[in-house]
Amino acid sequence: MESVARGGTRWKRFAVVMVPSVAATAAIGVALAQGALAASFSVSGQQFKVTAKQLDGKGFVQYGAMDEGKSGKHPVTVVGMDSAHITNLCQSVVVPVPVFGDVSMKLTAGGKGSPRVYAKKLFIDADDLRANATFTNIDIGVSVDRTTKGPGPNPQDKPGKQYVPDSFAQQADKVRFTDVKQRAWATSAGTFKLSGLHMAVKKGKHECY
């Protein structure tokens with residue numbers, strides 16, 4: 001959902017098992033209401049949680065990669081979509097503040113009475129996902145560098161650094177994810193339209209799930 005400016009990687013230590021259900025990490029990605037993130041960045045070292053009632057995407061691709069920040073390197077599944085419409089989106093992040101305690105920031109959009117959230121050229125880097133998934137015309141085992149149905153590898157991901165060239169990927173014409181719960185490290189999008197946006201900051205832990 002990114003991805004990210006990262007350093008060299010010891011690929012012998014990096015192994016990601018990819019199955020169609022994991023592709024549901026495509027779930028959502030929220031960039032805190034930003035229309036587009038920087039061309040490259042280092043992950044913060046904090047994960048965030050995302051839920052959604054439904055996501056409908058066109059042009060889907062998934063592959064394994066590595067995010068890096070001051071907290072270290074993190075193996076992730078990168079999911080990219082040409083476009084996506086999302087219903088009942090929620091994103092939360094908990095920030096531990098010395099002395100004061102935990103502070104939660106929760107963002108919601110695309111709920112009842114509001115148009116669905118829309119994202120274009122969406123990329124999500126996640127390591128945990130729960131959802132129901134339906135794929136249309138899926139190809140499993142295609143080379144990440146030779147995908148044709150989605151946006152291809154994130155332009156921010158450099159072959160040999162963020163992902164293994166010619167490594168395992170899967171793609172599909174369309175995807176539908178329902179009842180999504182996801183934990184991610186990063187997200188980026190060319191366009192992110194959040195209808196009915198509401199953001200709240202509270203003391204304590206107040207997560208989407």
Side-chain angles (χ1 to χ4, degrees), residues 1-29 37 39-43 47-48 50 52 55-69 71-84 119-190:
M1 220 99 111
E2 301 194 353
S3 352
V4 177
R6 326 183 237 258
T9 298
R10 296 182 180 179
W11 290 108
K12 290 183 179 179
R13 295 184 179 181
F14 173 43
V16 177
V17 178
M18 314 269 276
V19 296
S21 61
V22 176
T25 10
I28 335 313
L37 298 182
S40 62
F41 57 92
S42 181
V43 294
Q47 294 171 299
F48 54 92
V50 181
L55 180 149
D56 291 294
K58 293 182 179 180
F60 164 86
V61 64
Q62 177 198 21
Y63 60 95
M66 189 77 73
D67 283 358
E68 183 175 0
S71 61
K73 298 175 181 178
H74 311 286
V76 296
T77 292
V78 179
V79 171
M81 287 181 285
D82 286 329
S83 64
K120 184 177 181 181
K121 299 299 181 184
L122 175 66
F123 289 93
I124 305 159
D125 296 10
D127 65 3
D128 188 70
L129 172 284
R130 300 176 187 178
N132 300 310
T134 301
F135 301 86
T136 301
N137 296 327
I138 188 170
D139 300 322
I140 302 173
V142 64
S143 164
V144 62
D145 297 306
R146 293 172 173 78
T147 55
T148 59
K149 295 182 178 181
N154 192 325
Q156 298 171 27
D157 290 338
K158 306 302 179 184
K161 292 186 177 181
Q162 283 77 50
Y163 73 91
V164 179
D166 208 37
S167 58
F168 180 99
Q170 53 190 29
Q171 61 179 0
D173 289 339
K174 296 179 181 180
V175 292
R176 169 168 287 184
F177 307 115
T178 59
D179 299 325
V180 179
K181 293 182 179 180
Q182 163 184 284
R183 185 178 65 199
W185 285 100
T187 294
S188 65

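If you read the sequence from its start, that first residue is 1, and numbering goes on from there. The structure presented is a predicted model; accordingly, all values stated were derived computationally and were not measured.
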Working to the nearest 0.5 angstrom, can you tell me the gap between [X] [atom1] and [Y] [atom2]?
X: L122; Y: N154; atom1: CG; atom2: CG; value: 10.0 Å
X: Q162; Y: M66; atom1: CD; atom2: CE; value: 10.0 Å
X: S188; Y: I124; atom1: OG; atom2: CD1; value: 9.0 Å
X: D56; Y: R176; atom1: CG; atom2: CZ; value: 4.0 Å
X: I138; Y: Q171; atom1: CD1; atom2: CD; value: 9.0 Å
X: T147; Y: F60; atom1: OG1; atom2: CZ; value: 10.5 Å

* Determine whether the side chains of D173 and T136 contain a donor N or O and an acceptor N or O closer than 3.5 Å. =>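 No, no side-chain donor-acceptor pair sits under 3.5 Å.
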* To do: Classify the side-chain pair Q47/D127 by whether it contains a donor and acceptor separated by less than 3.5 Å.
  =>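 There is such a pair between these side chains.
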* **S143 backbone acceptor or donor facing D166 side chain under 3.5 Å** =>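 Checking the backbone N and O of S143 against the side chain of D166, no donor-acceptor pair under 3.5 Å is found.
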* Checking K149 side chain against D139 main chain: does a donor-acceptor pair fall under 3.5 Å? ->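 No, because the side chain of K149 does not come within donor-acceptor range (under 3.5 Å) of the backbone of D139.
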* Asked: With under 30° as parallel and over 60° as perpendicular, where do the rings of W185 and H74 fit, or are they tilted in between?
  ->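 Judged by the thresholds at 30° and 60°, the geometry between W185 and H74 is parallel.
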* Does the pair D82 and K120 meet the rule for a salt bridge (Lys or Arg N to Asp or Glu O under 4.0 Å), with working shown? -> CA-CA 6 Å; D82 286 329; K120 184 177 181 181; over 6 Å; no
Contact summary for [X] and [Y], nearest pair of heavy atoms:
X: G64; Y: Y163; result: O-CB, 3.4 Å
X: V61; Y: G152; result: CG1-O, 3.7 Å
X: V76; Y: D125; result: CG2-CB, 3.9 Å
X: F48; Y: A186; result: CE2-N, 3.8 Å
X: P159; Y: P165; result: CB-CG, 3.8 Å
X: P151; Y: M81; result: CG-N, 3.8 Å

* With side chains defined as the heavy atoms from C-beta onward, is the minimum distance between L129 and V180 less than 4.5 Å? ->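 Sidechains of V180 and L129: in contact.
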